[in-house]
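Lettering follows sequence order; numbering is per chain, from 1.
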Amino acid sequence: AQSVTQLDSQVPVFEEAPVELRCNYSSSVSVYLFWYVQYPNQGLQLLLKYLSGSTLVKGINGFEAEFNKSQTSFHLRKPSVHISDTAEYFCAVSPLGMEGGKLIFGQGTELSVKP
Amino acid sequence: GAVVSQHPSRVICKSGTSVKIECRSLDFQATTMFWYRQFPKQSLMLMATSNEGSKATYEQGVEKDKFLINHASLTLSTLTVTSAHPEDSSFYICSASSRGQGGGYTFGSGTRLTVV
């Protein structure tokens, strides 16, 4: 079985400051990793995903994440946040990836960017 | 890119009635559809997984007779909440996956169900 832990439920940060949202996972098999963003009353939008290859993954809106297999982590980073980045962020894993296996989500991290 | 259209975005219904939520994949064939439920300030809880033409597989604790899922075609899946009660009020989100999609999952925009 797989599980995902997002270590911070809320992250307040000032505009233009850097931010890191932490994600750790547990799995007995190889997984694919995802970060999604959710704005209020909307569905989820994919920020980035790690399937294989380079452990540093770049996504949309200036976000990037690094896969660390030894620490089973997939932390999300942005060097300078904007007010518009205020949203809920979810880390997720899938044991089957592109084959259509189900996603297992973390609890979510609420990013609040203040002026 | 891949788009999943989910309707309605909001619905209010009376207790005891049924509500149908539709998800359509607009530019790809959704071989697998996932239905999630999300409570305020919480993560997504997977309710069921459906493959086109097959019966849905429900997660433990989800009443299959209450939450009817139909995935009759590769572009349409529906979730019907039968005999809705106030405790069924929630945010429901669908997600589609396809082998030909190049990896990943496309989410609908969600449906806010309020049962009064």
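- Heavy-atom minimum distance, A:N41 versus B:F91: C-CZ, 3.7 Å.
- Here the CD-OG distance, from A:Q42 to B:S9, works out to 10.5 Å after rounding to the nearest 0.5 Å.
- Of the atoms belonging to A:L103, heavy atoms from both backbone and side chain fall under 4.5 Å from chain B.
- Atoms OG and OH, on B:S95 and A:Y36 in that order, are 6.0 Å from each other to the nearest 0.5 Å.
- Only the side chain of A:F90 comes within less than 4.5 Å of a heavy atom in chain B; its backbone stays farther off.
- Counting heavy atoms from C-beta on, the side chains of B:L44 and A:L44 come closer than 4.5 Å.
- Here the side chains of B:I93 and A:Q38 are in contact, with some heavy-atom distance below 4.5 Å.
- B:S43 places a side-chain N or O within 3.5 Å of a backbone atom of A:G106 that can act as its donor or acceptor partner.
- Looking at B:Q38, the atoms closer than 4.5 Å to chain A (heavy atoms on both sides) all sit in the side chain, from C-beta outward.
- Under the 6.0 Å cut-off for aromatic ring centres, B:Y105 and A:F34 qualify, their centroids lying closer than that.
- Here A:E88 does not pair with B:K41 in a salt bridge; the nearest charged N to carboxylate O distance is not below 4.0 Å.
- Taking 4.5 Å as the limit, every side-chain heavy atom of B:F107 sits out of range of all side-chain heavy atoms of A:Q45.
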